[in-house]
Every structure is written in C-alpha cells, then in structure tokens.
Amino acid sequence: MATLWLLLGFLSLFVLSSSTCPDHQKQSLLLFKSTLLNITRTTNDSSSSSAFGLESWNSTSDCCLWDKVTCKSSSSSTAPVVVALLLDSLVSTDQPVVVPSAVLTPLFRLTTLMLLDVSSNHIQGGIPGDGLASLTKLVRLDMTQNNFSGSIPPQLFRLRYLQYLDLSENMLLGGLSQQVGYLRDLRTLKLDDNFLGGRIPEEIGNLTELLELSLSSNSFSGRIPASVSNLRQLQVLDLRENLLSEQIPSEIGGLSNLSTLALGKNKFAGGIPRSMQNLSKLETLMLENNLLAGEIPSWIFDIKPLNILFLGGNGNMLAWSNNSVTAPKCMLSQLSLQSCGLSGEIPLWISAQKALVYLDLSKNELRGTFPLWLAEMDLGTIILSDNELTGPVPHRLFQSLSLSVLDLSRNNFSGELPKNIGDANEIMLLMLAGNSFSGTIPSSISDIYRLLLLDLANNRLSGDTFPVFDPDAFLAYVDFSDNDFSGEIPVSFSQETRILALGNNKFSGKLPRNLTNLIKLEHLDVHGNEIGGEFPEFIIEMSSMQILNLRNTSLQGPIPNSMSNLKALQILDLSGNSLTGNIPPGFGNLVGMIDTPTKFSSISGVFTFPVQYIDLIVNWKRSVQGLSSNPSIDLYSLLDLSKNQLSGKIPASLGNLKGLKILNISSNSLSGNIPDSFCGLENVESLDLSHNNLSGKIPQSFEKLQQLAILDVSNNHLEGPIPKGGQMDTMNDPKYFANNSGLCGVQIGLPCPTEPVKPSAPTSEDNSDETNELRFAWEGAWFGFPLGFCLSVIVILLTGWFPARALSPARRGRRRRHAPSRISVRRIGS
Ligand SMILES: *[C@@H]1O[C@H](CO)[C@@H](O)[C@H](O)[C@H]1NC(C)=O
Ligand SMILES: *[C@@H]1O[C@H](CO)[C@@H](O)[C@H](O)[C@H]1NC(C)=O
Ligand SMILES: *[C@@H]1O[C@H](CO)[C@@H](O)[C@H](O)[C@H]1NC(C)=O
Ligand SMILES: *[C@@H]1O[C@H](CO)[C@@H](O)[C@H](O)[C@H]1NC(C)=O
Ligand SMILES: *[C@@H]1O[C@H](CO)[C@@H](O)[C@H](O)[C@H]1NC(C)=O
Ligand SMILES: *[C@@H]1O[C@H](CO)[C@@H](O)[C@H](O)[C@H]1NC(C)=O
Ligand SMILES: *[C@@H]1O[C@H](CO)[C@@H](O)[C@H](O)[C@H]1NC(C)=O
Ligand SMILES: *[C@@H]1O[C@H](CO)[C@@H](O)[C@H](O)[C@H]1NC(C)=O
Ligand SMILES: *[C@@H]1O[C@H](CO)[C@@H](O)[C@H](O)[C@H]1NC(C)=O
Ligand SMILES: *[C@@H]1O[C@H](CO)[C@@H](O)[C@H](O)[C@H]1NC(C)=O
Ligand SMILES: *[C@@H]1O[C@H](CO)[C@@H](O)[C@H](O)[C@H]1NC(C)=O
Ligand SMILES: *[C@@H]1O[C@H](CO)[C@@H](O)[C@H](O)[C@H]1NC(C)=O
C-alpha cells in the first residue's frame, strides 16, 4: 500500500496549466501520432484510428489539454512542459498489429518527461536505449506487455531518478493470448531469442532510487546480481517466470523495505537464504516452482506482515519441518504449500489464519479427514488434491457462499456427496475425481449456476438419474468417467458444454439424439458403455466435434461415409465394436486429420487471457502430470478402427491423412493390398494393420514414412521383401511381421533370396515397451495435456488475481482488459 501512496503523491505534483505547451513538444507528439496511425493503416486496421484515444491530439489545440498528456510548470514563472505520457493500450490488443519500436523515437525529444507508460502496444524490436537515455528525468518507465526483445540496454542504467521500472511480460502474451494457445507453445517459443532476456546486468545496482522493479514473464537467465543490494529503497522485486538460476543472493535480505519478493517459476537452487529473516516488511513471498531445497524455515511464519506465501510446487524439494510451525505471527490470505512434504493431518495452525481465502496443500502426504474447522473457514479456494485424505466431506463446506474452487482429486474421500452441495452456488471448479465417493449425484448440483467444470471421474458413484442443468449454464466440462452410472446417456447439460466424458460406466441404450443440443461439444467420450445399435448418424451434425471416442460400445452396422463432414475431427476411436462394411472412402477427407494439428481449441476458446502468475495444474483423470511434465507428447490426431468386422479393401484415400499420428485398423477382415498411397501418412508414428487378410507386398514407398516407430503387419497374407531404407531399416521386430505368407528381409533376419546374410536384429523387448507407452499416451497423459492447461489457466484466473493486484496496485485498471473475457469476467462477474 505504501507504493500506492507514493504513486498518488507523485501524480499530485502535476499541476494543470492553461498556457500552451512548448511547440516542439507538440510537434513531437503529433509526429508520434501520425507514425502510429501510419503503421496501423498499413496493416489494414480501418477502425484503429478512432480506437487510439488520441482524437484530441490536433495541431490547433494546446497539447497540455490533450488526453493522456500531463504538463507541469516547475514554478509559477516558467511555462509548462510535458511531464507524463500515459500511452498504454493505444493499439487494440485484438488485432495482431506489429508496431516497430522506432515508433517511440519522436517521444525521446520530450526530455522533460518524468513518466512514460507505453505498455500493451504490440511494440516489437529492441528497447531503444539511446532514445531512453535522453529522458534523464524519468521516474517511472512502464513497457510491460509488449514484444520487446533482446537485453536491457545499458543506457537505461543512467536514468538515475528511476523509481518504477516495469519491463514484464514481453513475450507476446499481452495482446495475443488468444493465439498463444498452450503453455507448451510458449515454452518452445521462450527458447527463442525473440524475447526480452539475457542476464540481469550488474549495473541494475546503479538505479538506487528504484522502488519497484518488475522483469517478470521474460527470458532473463543467470543469477540475480549481487548489486541488487544497492537498491536500498526497493519495495517490489518481481522476477517471476524467467529462467533465473543459482542461489537466491543473501544480499536480498538487506533490502529492508521489500514488501513483495516474487521469484517463482525460475530455476533458483539452494536453500531459502537466512538473511530473508530481516525482511520485516514482507507481504508477498513467492518462491514456488524453482529448484530450491532444504527445510522450510519456520521464521517465515514469523514475518508479521506476510500475507501471500507460495512455496513448493514443481521442482522445489523443500521439506516441511514437522513441528516448528505452531503459531504463526503472520495472517495469510493466500497460502500454497504444494509438494512440501507435509505429512500427518492438515495442520491445525491454519485454522487460526482468519484472513485466508486461498489454500493449496496439494501433493503432500496428508492423512486423516477433512477437518470441520476447515469447512467453517469459508475459503474461496481449497486445493487438497493428491494426498491421502479419507472420510466424508463435511456438509458445512457447502454452506459457504465464498467457495469457488474445490479440488479434492486423488485422495480417498468416501461417503455420499452432501445433498446440499448446490448451496455453495459460487463454485466454478469442482474436482472430486479419484476418490471413493458413492451414491448418486445430488440434484442440487445443477443449482450452481456458475459451475464451469465438474469432474467426478473415478469414484464409485451410481444411479440412473442426473441433475438437469440450465441450458444457459456455463458448464463447459463434465467428466463422469469410471463410475457405476447406469441408465440412458445423460444429455441435460449446458449449451456451453465442450467436453463430456462418460466412459467406463454402465450406461446403456442408444446415444440420444438430443446430444445435438450440446452445440459446442468438442469432445465426446462414451467408451466402455453398452450403447449398441447402429452407428448414430446424427453425430455428423455435431460439427464442433474434435474428439470422438466410441470404443467398445457394442455399435453395429456400417460407418456412415458422411463422417467426413466432421471437419474438426482429430481423434476418432471406434475400436472394439461390431462395425461392418467398408472403411468409408470419405475418411480421406477428414480435414482435422489432414492438416497437421497443433492443438485442440477446446476450452481455451472460451477463456482467453494470458498465462501469468501461479502455476496451478489441475489435472483430470489419472494424468497427474498434465502439461508441464510431459512435453514430448503431442498426439493430436488418431484414427482407430481396430477390432471390428470391417471388410473390403483399404481405401487409398486414407493416405491423405497426413496429420495422423496413429492409424490402427488391425483385427478386422480387410483384404486386398496395402495402398501405395500410405506413403502420404507423413506424420504417422504407429501403423497397425495386423490381423486382417491383406495380401501382396508392403509398398516400397513406406521408406518415406519418416516418423514411423511401430509398424505391425503381422497375421496377414503379405509376401515379398520388407522395404528397406529410412525408418523401415529399424523395423526389426519379427513379431510385427509374423504369420504372413512369406515376408523376407534383413530386418527380421530372413534374407530374401537375392540378399546377402546379415546378423539378426536385437530382441523385441524394447519395442513392446514402446507399444505400451504409446497406448498409455492415448489413455491418459496426452489427453490430459491440453485440458490440464486450460484448467490451470482458469484457476490462475480465479486465484492469481490476488497476487496480481498485490504486485502492482497501480495497474489495476489496465489489467482488467487482460483478465479472462467472456465467461469469467463479463458473465460471471455480473
Ligand atoms: C506515412 O506513410 C506514408 C506512405 O506510406 C509516408 O510517405 C509518410 O512519410 C508516413 N508518415 C509518417 C509520419 O511516417
Ligand atoms: C482490410 O480490412 C477490410 C475491412 O476490415 C477487410 O474487408 C479486408 O479483407 C482487409 N484486407 C486485407 C488485405 O486484409
Ligand atoms: C482540436 O481539438 C479541440 C479539442 O481538443 C477541438 O475543440 C477542435 O475543434 C479540434 N480542432 C480540429 C481542427 O479538429
Ligand atoms: C554505474 O555507476 C558507476 C559508479 O556509480 C559508474 O561508474 C557507471 O558508469 C554506472 N554505469 C552505468 C551503465 O551508468
Ligand atoms: C515479436 O517479435 C519477434 C521478433 O522480435 C517476432 O518474430 C514476432 O513475430 C513478434 N510477434 C508479434 C506478435 O509481433
Ligand atoms: C524505507 O522506507 C522508509 C519509509 O517508507 C523510508 O523512510 C526509508 O528511507 C526507506 N529506505 C530504507 C533503506 O530504509
Ligand atoms: C539482519 O540484520 C541485522 C542488522 O540489521 C544484522 O545484524 C543481521 O546479521 C541480519 N541477519 C541476517 C540473517 O542477515
Ligand atoms: C516429518 O515427519 C515425517 C513422518 O512423520 C517424516 O517422514 C519427515 O521426514 C519429517 N520431516 C522433517 C523435515 O523432519
Ligand atoms: C479407500 O476408502 C475405501 C472406503 O473407505 C476403502 O474401502 C479402500 O480400501 C480405501 N482405499 C485405499 C487405497 O486406501
Ligand atoms: C430433446 O430436446 C428437446 C428440445 O431440443 C426437448 O423438447 C425434448 O424434451 C428433449 N428430449 C429428451 C428425451 O430429453
Ligand atoms: C468393454 O466394455 C464392457 C462394458 O460395456 C466392459 O465390461 C469390458 O471390459 C470392456 N472391454 C474392453 C476390452 O475394454
Ligand atoms: C491396435 O489396436 C489393437 C486393438 O484395439 C491393440 O491391441 C493394439 O495394441 C493397437 N496397436 C497399436 C500399435 O497400438
């Protein structure tokens, strides 16, 4: 709060004056305006000229009266000069406009500037060091949320009056969050040198007046320079989300005025420096997701003003000292002790934290029951996933009108879900997967109007009646898989429902036509239920469908050729049914399997906002790792028709599906040759044609399948040489070629008549492991990947809010724009 005071004080220095501003300053500003207009015009943005908010900037008026310009006279006798320019968000963030940093050049002539804010403008290129160096009077410089790249120019360290320096988020995030889909994309991009990064220069210590320094969400690496100890006035040091490493310098403990120290999501190693005990004004301490080790010092909890504390998380190996924390002196509002080795019951001292709204104790070894005192605290967010908690969830918990996130996934909670669950009608995310809950789903759950995500997977829930949700509800994600539900497939969800997972239950009867009421459905999984009947033709009307899993659902009859209407379909699993007839040639037109898919749009289309702040990964199903730990998995396109009764020839058109990663048509009655066109399956990694009646030769063109890792053609009538060259040379597991009519090749140690003898290939052990791995991928991990991400973003939104504000009180107004749009802010915020 001290910062806010200072800022207000600073602004109050400005005295508006009626006399005109210096002409050269006016001309510079007009030049800036026209340069900016020029840029956006050439990028064909007809609406932007009015969107600038620079309408008042015209040559006939006094520039001291213009919007976004503040003037001041140093004394009553001198003429006013421009001292502050608030030029943030001039360029609409909705259009991907590229603004070169040269656009700022005219501004550098305004040497009287004390405050310059050019944040959120899509500006790209290096930070113009020489230009900035001429603004010697600068007190505040805000360049956040742009696309600046390179390192911090040394000229910046000559700005000796600088008190606020904010260069955060120069990684396309600000405006382009819609396009930047997944964290993983970001991570790959981040390795690029298109970001602001490099080392934090030792000269940072020259800026001795600094009160706030934020370099968060960039690519800074190396250590924090010891010269930070010169920044005696520093109140906010925000270096989150960079690649900083080595130990946290003990010098930080000397910054006695520090109220925010945010170092989370870096690669800091070593212990938490003891010197930090001296930070007696610390309000926010974020050290999560680093490589820190050692014991969590109990003195942290003796820092009286401490309000937000994030420790633990991925990477950190901090250990909880069992008994040392009993009566903290701080009064926390947010506490995250994810994977901190907590054991025993949920610590009782938390009950004395009366201001707490956010609690994350996930990934520990907590045992015992859900304490009543915790239910009575009326928290906003409770995350207890991945512990060993047992027993029922208290009814009292759902009497809370504050609860918005409840994640109890992967414990062993049991008993029925409280009937009053719907009383907690502020819940947005309800995650109870992987427990032993039994009984039916309380119908009151549909009273939770804001519910976005309902994950009840992997419990012992049963019953054949389901809550009826308002079609206008927000429910985007429903997972009831792996329970004992029965009766008809429920369809009474919301028009917003994108993901519906009902697999491995005891549902029966045909898929209801009313599924088409879920007009945004992208992902339907009903595998392992007794659906039966003919292939539901109405599915071709569900044009948003990206993932359709009807595996093992007793479907019969032919597959409609018109399936090719599902342009978005990237994953189709129809295996283990009794489907008959041909493989529809129309499959060759499935656009989603032709284009090399990069990601699923999924819920991310609804929630558009930058990835910031805490990394809370909310997984679904058993894929605990979700996104950050499985970067190698990117199976976005798959076609599995195995274990059916399909017959006839393989349509050559399947070779069009060049985006496919997995094609499995094994265990059918397919006959004829393997189409030569299969060499068009550029991305295929696993191709299973086994257990059919295929004859002829394996096309020599298979040598072109550069991604191929598994080729199974066993149990057919194939003959002749196994193609050589490319990946084919590594296909050396005889098992995958067995039971044919005379296949030969060096790969299987069975030289063809004309070939020389070669030593036989390695054993098959490794390869079978590989198969398992691929199947595992499909079952869980990769599936959870994009979803895990989306959800983590949602939670970031719900919870990351507070740190965001705590970090930059002055920025509150502007952040609003970048907060989750549509659902989260407008509709829910109402
Ligand atoms: C604007 O663009 C036109 C042509 O593209 C150019 O002649 C003019 O100099 C530009 N003006 C500014 C201020 O950059
Ligand atoms: C330019 O913008 C107009 C209207 O916004 C649009 O119709 C047109 O297709 C755009 N042209 C190009 C080349 O992007
Ligand atoms: C310039 O702006 C002022 C107000 O800011 C307005 O009164 C005046 O009409 C404008 N002049 C022109 C030529 O647009
Ligand atoms: C930093 O300060 C030192 C001494 O105070 C000075 O010698 C040096 O030139 C300064 N560096 C920069 C980049 O201004
Ligand atoms: C950001 O800048 C880099 C290079 O500095 C460029 O490759 C990238 O396309 C820019 N992105 C946007 C959205 O302007
Ligand atoms: C810390 O803050 C106090 C009060 O805000 C101020 O008087 C003092 O100069 C600051 N700097 C140091 C090094 O204590
Ligand atoms: C804390 O500060 C005091 C003086 O203010 C100093 O004597 C002491 O060594 C510091 N403690 C640590 C752990 O740095
Ligand atoms: C805390 O107690 C648990 C078992 O009760 C033990 O495994 C763990 O090592 C202890 N932690 C510390 C830091 O002593
Ligand atoms: C979970 O709880 C149920 C019921 O309380 C019990 O039967 C089961 O054994 C527990 N499972 C584990 C893995 O502890
Ligand atoms: C199917 O949806 C329609 C409205 O689209 C509704 O009138 C009808 O009752 C629903 N049928 C079933 C069985 O839910
Ligand atoms: C297929 O689903 C049935 C339930 O409909 C289940 O009992 C069976 O185990 C499943 N089979 C496979 C191979 O998954
Ligand atoms: C193809 O599907 C069958 C049956 O569903 C399965 O057993 C086999 O492992 C799959 N092949 C590959 C390579 O995954």
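All ligand and atom numbering here is 1-based and tracks the order in the structure.
For atom 4 (C) of ligand 9, the closest non-hydrogen atom on the protein side is S414 CB, 4.3 Å. What sits closest to atom 2 (O) of ligand 9 on the protein, heavy atoms only, is N412 ND2, 2.5 Å.
For the residue pair N668 and N692, no side-chain donor N or O sits within less than 3.5 Å of a side-chain acceptor on the partner. Checked by atom type, the side-chain pair N459/S438 shows no donor-acceptor distance below 3.5 Å. D676 and S701 share a donor-acceptor pair across their side chains, judged by distance under 3.5 Å alone. Side-chain contact of T580 with Q645: a donor-acceptor pair under 3.5 Å is absent, judged by distance alone. For N257 and K281, the side-chain atoms include at least one donor-acceptor pair closer than 3.5 Å. N529 and T553 share no side-chain donor-acceptor pair at under 3.5 Å.
Interface of Q233 with ligand 6, defined as ligand atoms under 4.0 Å from a residue heavy atom, comprises 9 (O), 10 (C), 11 (N). For ligand 9, the atoms lying closer than 4.0 Å to a non-hydrogen atom of S436 are 1 (C), 2 (O). In summary, the atoms of ligand 6 found under 4.0 Å from a heavy atom of N257, numbered by their order in the structure, are 1 (C), 2 (O), 3 (C), 8 (C), 10 (C), 11 (N), 12 (C), 14 (O). In the vicinity of S666, heavy-atom distances shorter than 4.0 Å reach the ligand 12 atoms 1 (C), 2 (O), 3 (C).
Note: an N/O pair closer than 3.5 Å links D688 and ligand 12 by distance alone. Inclusion of R460 in the set of residues having an N or O under 3.5 Å from an N or O of ligand 9 is not warranted. For the pair S642 and ligand 12, the shortest N or O to N or O distance falls below 3.5 Å.
Closest to atom 1 (C) of ligand 12 by heavy atom, among N644, L641, N664, I662, is N664.
For atom 9 (O) of ligand 9, the protein comes within 4.0 Å by no heavy atom at all.
Residue contacts with ligand 12 include S686, since one or more of its heavy atoms lies under 4.0 Å from the ligand.
When heavy-atom distances to ligand 6 are checked against a 4.0 Å cut-off, K281 comes that close only through its side chain, counted from C-beta outward.
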(request) Take N552 and H527 through the test side-chain hydrogen bond (donor to acceptor under 3.5 Å, both in side chains) and record every step on the way to the result. (result) CA-CA 6 Å; N552 185 24; H527 81 272; over 6 Å; no
(message) I'd like to know whether N504 forms a side-chain hydrogen bond (donor to acceptor under 3.5 Å, both in side chains) with D482, so could you lay out the CA-CA distance, the side-chain angles of the two residues, the decisive distance to 0.1 Å, and finally the verdict.
(response) CA-CA 5 Å; N504 279 338; D482 298 292; 3.1 Å; yes
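Side-chain contact between V393 and F398: present, with at least one pair of heavy atoms (C-beta onward) separated by less than 4.5 Å.
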